[in-house]
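Below is one structure; the comments refer to it alone.
All chains are named by letter (A, B, ...) in the order of the sequence lines, taking the proteins before the strands, and each is independently numbered beginning at 1. Nothing here was measured: the structure is a model prediction, and the numbers come from that model.
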2 protein chains.
Amino acid sequence: MSLRYALLGLLADEPASGYDLTRKFERALQRYAWHAQHSQIYPELGKLAADGLVEVIAEGARGRRTYAITEQGRTELRSWMLNPPDVFVVRHEFVLRLFLLSTLDPEDARAVLRPVAQESARELATLRESLDRAEATAPPGTELALGRLVAEYGLRSFQTMHDWALWALDRIDQVEAAKAARPAG
Amino acid sequence: MSLRYALLGLLADEPASGYDLTRKFERALQRYAWHAQHSQIYPELGKLAADGLVEVIAEGARGRRTYAITEQGRTELRSWMLNPPDVFVVRHEFVLRLFLLSTLDPEDARAVLRPVAQESARELATLRESLDRAEATAPPGTELALGRLVAEYGLRSFQTMHDWALWALDRIDQVEAAKAARPAG
DNA sequence: AAATGACATGTCTGATTCAACATGTCAAGG
DNA sequence: CCTTGACATGTTGAATCAGACATGTCATTT
């Protein structure tokens, strides 16, 4: 069901084609919130249209079809946003690997953690840059879009991950050092 | 594929039955890393056994079958841990809802964020408590298990979420106040 | 002796999802 | 004119997954 709401959410912002939506998934949702391929997006758009939640508002070059959300679609989306399910579906390969870290020896654990520290730093820098750029563009005093809130969440999450990875690496070193100093244990 | 490694990872720690594994999923993995039901776990255990990555080491009361990881299973798990895929699959209904926050008006956004702030605080308290309990049990100077690292990651993640939700609520208030003070805008 | 509830393992149907296959358009460069 | 690459939309078959159904055990309480 979530894919359907992800699409409605993206279309609530502005009309878009299947291709546009696929790119939006790749740029924004894919890495943080919801993964989907175009082979899933096109059929779902069809179902959404059949259910009257979106409609085709233009057909352009190369068979391009632009979809817009309908009033009914907006109502449906809002109702989903305000009435969350009890239990959220979470599937996060990255975090799963963190959980399974305890199956490795210290050397292997370090080998897993080092790239985590590096990549989170890189991701963080990218996010920060695009946020700064957006803030520089908006005139001061301008009402901030709610989208800014999510960007901040992403920023903080990656900062947390980065700090944690460094802390974890340090921790492993400490434990090893303590063990070396007390070989009897 | 991830379910298979999640199961191998849990079995790497200690042998367990399908029922045990289902409960472990519910307690630990389900909310943070990987969601799976028993109707998926039982068949996957069968496949794992057929592939020689786990084996039945005991059959107990009520048809209970205890599985243990094999050497081959450990090798397979380690190789997956050390050779991560390029792109991680992420499906996170909760974060998806955050992304779609921008489709709501400020009043609705607040209604979504308030429970987030509350629940993250509750989750945080629970985690902190169980961590403190674990630390009190372990004699001082004891080598800390790598599992401690993940607990810390969970703790930090919920702290980040909580802080962010409060920040976001505050931000929305500020923007509204600014708008009220400047009704012409 | 019966009822209840936690324990325990499975199957089945339909929905979701993935990877691969398939087709074609249009613009720019050689 | 031909090639390349970005644009654009789909289908198909296999695998994965969810929710409901199904079955039975064992310990405790009534």
Exercise for the section: Find out if a path of hydrophobic residues (ILVMFWY) with successive side-chain heavy-atom gaps under 4.5 Å connects A:L45 to B:L96. Expected result: yes

Problem - A:W167 six-ring face occupied by B:R156 cation (under 6.0 Å, within 45°) - result: yes

Problem - Whole angstrom value for the distance that separates P of D:dC7 from CG of A:D20 - result: 10 Å

Exercise for the section: Name the nucleic acid region contacted by B:R91, choosing base, sugar-phosphate or nothing; use a 4.0 angstrom heavy-atom cut-off, strictly under. Expected result: sugar-phosphate

Handout entry: B:Y19 vs C:dC7: side-chain N/O to OP1/OP2 distance below 4.0 Å
Key = yes

Problem - Any residue of residues 29-59 of chain A with a heavy atom less than 4.0 Å from an atom of DNA chain D - result: A:H38, A:S39, A:Y42

Handout entry: Rounded to 10 degrees, the angle between the two terminal axes of the helix from C:dA1-D:dT30 to C:dG30-D:dC1, each from five pairs
Key = 10°

Problem - Set of residues satisfying ring pair (Phe, Tyr, Trp, His ring centres under 6.0 Å) with respect to B:F99, sequence neighbours excluded - result: none

Exercise for the section: Would you kindly give the CZ-to-C1' distance between A:F25 and D:dA8, to the nearest whole Å? Expected result: 17 Å

Problem - Among A:F25, A:Y153, A:F158, the one residue meeting ring-ring contact (aromatic ring centres under 6.0 Å, His included) with A:Y32 - result: A:F158

Problem - Interatomic distance, A:L21 CG vs D:dC7 P [rounded to whole Å] - result: 15 Å

Exercise for the section: Write down the distance between CG (B:L7) and P (C:dT9), rounded to a whole number of angstrom. Expected result: 13 Å

Problem - Presence of salt bridge, B:R110 and B:E107, under 4.0 angstrom - result: yes

Practice task
Nearest whole angstrom, please: distance from the P of D:dA6 to the CZ of A:R23.
Solution key: 12 Å

Problem - Nucleotide D:dG24, atom C1' - distance to CZ of B:R64 in whole Å - result: 16 Å

Exercise for the section: Could you tell me whether A:K47 and A:E44 have a side-chain N and a carboxylate O separated by less than 4.0 Å? Expected result: yes

Practice task
State, yes or no, whether a side-chain contact exists between A:E93 and A:H35 at a heavy-atom distance under 4.5 Å.
Solution key: no

Practice task
Remember a base hit wins even if backbone is also touched, and classify B:T22 as base, sugar-phosphate or nothing at under 4.0 Å, heavy atoms.
Solution key: nothing

Practice task
Indicate, with yes or no, if A:L82 and A:I69 share a hydrophobic cluster defined by side-chain heavy-atom contacts under 4.5 Å among Ile, Leu, Val, Met, Phe, Trp and Tyr.
Solution key: yes

Problem - Check ion pair B:E123-B:R31 (N to O, under 4.0 angstrom) - result: yes

Practice task
Please tell me which of A:L3 and B:R65 maps to the more 5' nucleotide of DNA chain C, matching each residue to the nucleotide holding its nearest heavy atom.
Solution key: B:R65

